[in-house]
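Working notes, beginning with the structure itself.
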Amino acid sequence: MKPLFKNVLGMAFSVALMGVSAQAQELAIWHDLGDNGNAWFQKAGEAFAKSRPGVSIKPASFPTDQWFGRVIGAINTDSAPALIYNNYERVIRIQSQTGKVMDLKSTLAEVKDKDFLLEDDLKVATYGGKMIILPIQRVQMGFGVRKSWLDKVGEKFPETWADVQRVSVKFRDNDPDGNGKPDTYGMALEAAKPRDLIHILDLFIFGSGLRATLVDAKGDVIIDEPAHAQVLEEVLKAFTVYGYTPPDTINHSFAEMYQTIEGGRAGMFRVGDWNVKKWDSQALNGDFVVGPWPQFDPARKNAVVIGGMRGVAVPDNAPNKALALEFAKFLLTPEAQQASLETVGAAVRKDLNVSALSQRAQFFAAPKGALVAYDFPESVHVWYPELEAAYHRKLLGALATPPKDFKAFIKETAQEMRDLKTKLAAK
């Protein structure tokens, strides 16, 4: 063989090997955070590559419904991405349908700098005895109020439920937007689907300092216990007899609730940490303040609600698994967390630079008040989703035709849920 030919052949062989090596060092991560998520993973990937030359992160964002199908299909056909990223309850669905999400307990144990993770963070990351995600971004939700409307009606941020009731009436009746039309309401809520209405109840109940919405940690129905019954009754009345919401709220899901908020029809509403960036510059143009959910009982401290946890998971059949686990741990480092805060608006570390954020964004990024996390009973009780769906149907009936006696309705509903729970648990 001639030397020139041998050199060309050798170079071609080297190039081929480099291509294989580069391909082997690419980590795909599938998520549903859109462009902001892509920007975050790109930044985190560039930082990760400083100590891992040749490694690249390839993020791909899909609408949530498509994300489920793509992830489940890929895992079941041994074509999984290196990492997946989503809200905890969505990763539960992946695990329950595939059984092929890694237990990351030992991976987290290798992370030395993790004291910022709360007990609730670790609890919500665990399903079926396995840590199925590393907690990376808290999903925090506070109570938001239009600032100009408060000024117009002479009120301060409502701290208690009594405050909320008084302000709701003023927002409804006193033309707080100054357009001369009776087209404003106290609150933007939602009720169309089980996750809509139960979500709203979760926020008011957990935000008031309670720890369960329908069943407690043991699986016992608790909706007629005095403290829970009080919050349930008042929230149902906010939809109905009090007239604090638009009449068609019973049909509202997330999209309609957002239209009510961003369309300037409601003065009080849920604010997620992911909403702030947009509402600071668009839609509300910064005309809102954020605080904890209203207090129902002075004996309980009200709070901002951790409505979930976004985290990174690794399929059992992921390619480049060892490297994927290294990147998963890297997402808890200050550099990756700072990028997360700046691009997505959420993180878990407490030592990040928040000086460039608005006051509303800082409220979530550097929380000073109480945080209370959802309990996610579906992660413990397989019968819970069916029970919750039945509960939603019962509550929708009360929203459509308000009962004459809400207290009697709650007691009756509690007994129906106990009877159904017994049947479902016996299956």
Side-chain angles (χ1 to χ4, degrees), residues 118-120 123-124 140-143 157-168 186-187 189-191 194-242 244-245 268 270 291-308 369-378 380-381 384 387-388 390-392 394-396 398-399 402-421:
L118 307 175
E119 182 180 349
D120 279 337
K123 180 181 177 182
V124 81
Q140 296 183 65
M141 289 173 282
F143 193 64
F157 185 90
E159 301 287 347
T160 68
W161 180 247
D163 293 338
V164 169
Q165 291 186 287
R166 183 182 65 254
V167 173
S168 285
M187 287 186 250
L189 303 177
E190 58 183 351
R195 268 294 89 199
D196 296 327
L197 180 52
I198 306 302
H199 173 67
I200 293 298
L201 289 175
D202 284 342
L203 292 173
F204 280 102
I205 287 172
F206 283 89
S208 76
L210 297 172
R211 298 292 302 192
T213 298
L214 175 52
V215 300
D216 62 16
K218 296 181 294 184
D220 295 332
V221 173
I222 45 75
I223 62 174
D224 56 345
E225 291 182 359
H228 289 82
Q230 178 197 14
V231 179
L232 174 59
E233 178 177 348
E234 290 301 306
V235 173
L236 291 177
K237 286 181 175 178
F239 278 94
T240 55
V241 297
Y242 293 155
Y244 296 161
T245 63
M268 289 178 277
R270 181 204 75 179
W293 289 84
Q295 184 181 74
F296 279 79
D297 185 336
R300 296 196 309 272
K301 188 172 181 59
N302 53 328
V304 170
V305 178
I306 301 176
L371 295 174
V372 177
Y374 277 8
D375 55 348
F376 294 106
E378 60 268 39
V380 180
H381 308 293
Y384 180 78
L387 184 72
E388 184 183 271
Y391 185 46
H392 173 258
K394 184 74 175 180
L395 295 182
L396 273 187
L399 298 187
K404 294 180 180 179
D405 186 337
F406 276 89
K407 289 180 174 58
F409 166 79
I410 291 171
K411 285 188 176 296
E412 171 192 306
T413 301
Q415 189 55 52
E416 287 185 20
M417 294 302 106
R418 289 188 179 102
D419 292 343
L420 177 57
K421 178 247 174 172

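Scanning both residues, Pro294 and Val164, for their nearest heavy atoms gives CB-CG2, 3.8 Å. A pairwise comparison of heavy atoms in Ala370 and Ala303 identifies O-CB, 3.4 Å as the closest pair. Between Met187 and Ala238, the shortest heavy-atom distance links the atoms CE-CB, 4.1 Å. Closest of all the heavy-atom pairs between Pro377 and Val215 is CB-CG2, 3.9 Å. When all heavy atoms of Phe296 and Ser208 are compared, the pair lying nearest together is CD1-CB, 3.8 Å.
Put simply, the side chain of Arg300 never gets that close to the backbone of Gly209: no donor and acceptor are under 3.5 Å apart. The closest donor-acceptor contact from the side chain of Trp161 to the backbone of Val231 lies at 3.5 Å or more, if one exists at all.
Rounding to the nearest 0.5 angstrom, the gap separating the NZ atom in Lys421 from the OH atom in Tyr384 is 12.5 Å. In this structure, CD1 in Ile410 is found 4.0 Å from CG in Leu232, a value given to the nearest 0.5 Å. With rounding to the nearest 0.5 angstrom, the NE2 atom of His392 is 13.5 Å from the CG atom of Leu387. A distance of 9.0 Å separates CG of Leu396 from CZ of Phe239, quoted to the nearest 0.5 Å. To the nearest 0.5 Å, atoms OH (Tyr244) and CD (Gln165) are separated by 4.0 Å. Note that the CZ atom of Phe406 and the NZ atom of Lys411 stand 16.0 Å from one another [nearest 0.5 Å].
Legend: residues meeting salt bridge (Lys or Arg N to Asp or Glu O under 4.0 Å) with Asp375, ordered by chain and number and at least two apart, are absent. Taking the salt bridge (Lys or Arg N to Asp or Glu O under 4.0 Å) definition, one finds that Lys218 meets it with Asp220, sequence neighbours left out.
Between Ile306 and Val372 the shortest side-chain heavy-atom distance does not fall below 4.5 Å. Between Lys407 and Glu233 there is a side-chain heavy-atom pair separated by less than 4.5 Å. Under the 4.5 Å side-chain criterion, counting only non-hydrogen atoms from C-beta, Glu388 is in contact with Arg195. The side-chain heavy atoms of Ile222 and Leu214, taken from C-beta on, include no pair separated by under 4.5 Å. At least one side-chain heavy atom of Pro158 sits less than 4.5 Å from a side-chain heavy atom of Met268. Taking the side chain as every heavy atom from C-beta outward, Ile223 and Tyr391 approach each other to under 4.5 Å. With contacts defined as side-chain heavy-atom distances shorter than 4.5 Å, the pair Leu203/Tyr374 qualifies. Here the side chains of Phe157 and Phe143 are in contact, with some heavy-atom distance below 4.5 Å.
With respect to Glu119 and Lys123, no salt bridge is recorded, no charged nitrogen being found less than 4.0 Å from a carboxylate O. Using a 4.0 Å cut-off between charged nitrogen and carboxylate oxygen, Arg418 and Asp224 count as a salt-bridge pair. Residues Arg270 and Asp202 are not paired through a salt bridge, judged by the lack of any N-O separation under 4.0 Å between the basic side chain and the carboxylate.
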Evaluate side-chain contact (heavy atoms from CB on, under 4.5 Å) for Asn302 paired with Thr160, printing each intermediate quantity in order.
CA-CA 9 Å; Asn302 53 328; Thr160 68; over 6 Å; no

request  = Run the numbers on Leu201 and Leu395 for side-chain contact (heavy atoms from CB on, under 4.5 Å), then give the verdict.
outcome  = CA-CA 11 Å; Leu201 289 175; Leu395 295 182; 3.6 Å; yes

- Full working for side-chain contact (heavy atoms from CB on, under 4.5 Å) between Val304 and Met141: CA-CA 6 Å; Val304 170; Met141 289 173 282; 5.7 Å; no

inquiry  = Show, in sequence, the C-alpha distance, side-chain angles and deciding distance for Gln140 and Val305, and conclude whether the side-chain contact (heavy atoms from CB on, under 4.5 Å) test is met.
reply    = CA-CA 6 Å; Gln140 296 183 65; Val305 178; over 6 Å; no

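There is a side-chain donor-acceptor pair under 3.5 Å between Tyr242 and Glu234.
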